[in-house]
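Nothing here was measured: the structure is a model prediction, and the numbers come from that model. Whatever order the structure lists ligands and atoms in, that order sets their numbers, starting from 1.
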Amino acid sequence: MGCLDEKVYTAELSSSYPCSKNPLRGIVFYNIEQLRGKEISVFDTTLRDGEQTPGVSLTPEEKLVIARQLDKLGVDIIEAGFPVSSRGEFESVRSIAGEGLEVTVCGLARIMPRDISACLDAGVGMVHVFVSTSDIQIAHTIKKGKEQIVEEAVAAVDMVKQHGVPCLFSAMDATRTSPDFLRQIFLAVQQAGADTVNVPDTVGVMAPSVFYGLVGEVCSYMKVPVDVHCHNDFGLAVANSLAAVEAGAREVQVTVNGLGERAGNANLAETVMSLHSIYGARTNIRTEFLVETARLVERLTEARIPITAPIVGENAFSHESGIHSHGVIERSDTFEPGIMTPEMVGHKRRIVLGKHTGRHAVKQVLDLAGYFPSEEQLGEILQRIKDLGDKGKQVTDADLQTIAEVVLGEVDRGHQALVLKEVSVMTGNIITPTATVRALVRGEERVVANIGVGPVDAAVKAVRGLLGQDSLMRVRDFRIEAITGGSDALAEVIIAMEDEAGRKVSARSAREDIVMASVEALVSAINRLILLEEREAR
Ligand code: KIV
Ligand code: ZN
């Protein structure tokens, strides 16, 4: 391979290499068919690099919950943390290591005896030792000679192995390291007993074709398995990890939701599903738990998953356009990959309604919601959905229910279970916010007052009080959004509710008065749940 002789793997060289001299020209790329059935190990670093995400901090209890979930998901190795960094981190790694999980629990250590001792004392089943190897990091952070670095790396690996624990060695900033030095240190630690070596693209500067060449070269001289750790500074972390696997890497380091330093690390779900579905490779991941895992980590880290995120994002299997929805209803792989289905990853297919929606899709969604309009009514419902879409509105389930109920003539305000008559609130800095509501509940007048942390809370509690103590209806989501700006802004309240039978509805209201918007949305959601129950009973 020409590229191997020319040593062109550094970011500096790869970015300045003119096309005509492209050293990769003529390389016969690894035939991805050869990966079919090949086992790739998944090393998850959500609890270490992922926790280094700016703004993310997890309690030891939360880390334990995530570790259990990763074990259930089937990752091979969990990097639980950096035990020497603090007492709390040490205890957290120790509790995960002592949890009796099936997965191997690994701790991170610099090539320093006290770091390694902290990992060993925490009881981990693997130690990941690392040292910077690039000239820039050596000159500005480590400030030691290369020979000394190699000696200390060898001593570190030796110390881990003396304790009978598997050792992973990382050459930090490998992709900006001189290939000769990389080879020297990797061969030295292999000789000292390292079980795996890792090629980190620490600052995420690799192009997949260049990383392929670098990892291919490392694989050509190493006997132990090669692992990669890719950062996502240019959005290429997953592509680089896959290129590395094509080049012979046997392990990938990933994080749930792509968390990690700066722009994060290679995303676990994307890497694993590409390996499974595109390459036909094998991992031990139980892919049906991917969405569940992503949502758990999203909730605990409060780092939101974008709606367009592949595989686990809200829209990953959603279809709006008429052509797409129609196709998918007929046969899902017309407008989905087919080699990956929502069921495979624990997701759901959704037909979203909007201005691009077609008749077919509306009928399907209404059928599922239990509404059976005539052809004429269906046309009317479709028109109303398109009108909302043209006004730039997203058509929610609540909107569809309202439209369907109106068109099907099911809404008769006089017969609603809960009819609001009066709302009053008192608030200020010297009184506890208090709300009083008067309403007809199935024709019987009731007045309820309650207090809250603010006027909205008090009003919501008072309305819920109208239903009596035994009501098992629960508010699942309550969002207030300002639609316009200024102190007279229009506030939109969106509420999702569920009853004891698991029926779910959502409702919304928009007003300048935030309390009234909240009360109206809540009353509307309650009426919908009651209506749904009655329709089912019919
Ligand atoms: O990005 C990096 O190089 C790391 C190492 C510790 C592997 O996180
Ligand atoms: Zn990293």
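For the pair Val312/Asn257, a side-chain contact is recorded, criterion being any heavy-atom separation below 4.5 Å from C-beta on.
One finds the CD atom of Glu302 at 13.0 Å from the OG1 atom of Thr53 (value rounded to the nearest 0.5 Å). Interatomic distance, CD of Glu99 versus CD1 of Ile78, reported as 10.0 Å (0.5 Å rounding).
Under the side chain to side chain contact (heavy atoms under 4.5 Å, CB included) test applied with Val84, the options Ile116, Asp115, Val93 reduce to a single match, Asp115. For the pairing with Cys119, the side chain to side chain contact (heavy atoms under 4.5 Å, CB included) check across Val165, Val129, Val127 returns one residue only, Val127.
The shortest N or O to N or O distance between Arg48 and ligand 1 is below 3.5 Å. For the pair His128 and ligand 1, the shortest N or O to N or O distance does not fall below 3.5 Å.
The atom name of the N/O/S atom in His229 closest to the Zn ion (ligand 2) is NE2.
Less than 4.0 angstrom separates some heavy atom of His231 from each of these atoms of ligand 1: 1 (O). Contact atoms of ligand 1 toward Asp49: 8 (O) (distance under 4.0 Å to a heavy atom of the residue).
The nearest non-hydrogen atom to atom 3 (O) of ligand 1, considering only Thr202, Val203, Thr133, Asp227, comes from Thr202.
Checking Asp49 against the Zn ion (ligand 2), an N/O/S atom falls under the 2.8 Å cut-off.
For the pair Lys146 and Phe181, the cation-pi test (distance below 6.0 Å, angle within 45°) is passed.
Of the protein's non-hydrogen atoms, His229 NE2, 3.4 Å is the one closest to atom 4 (C) of ligand 1.
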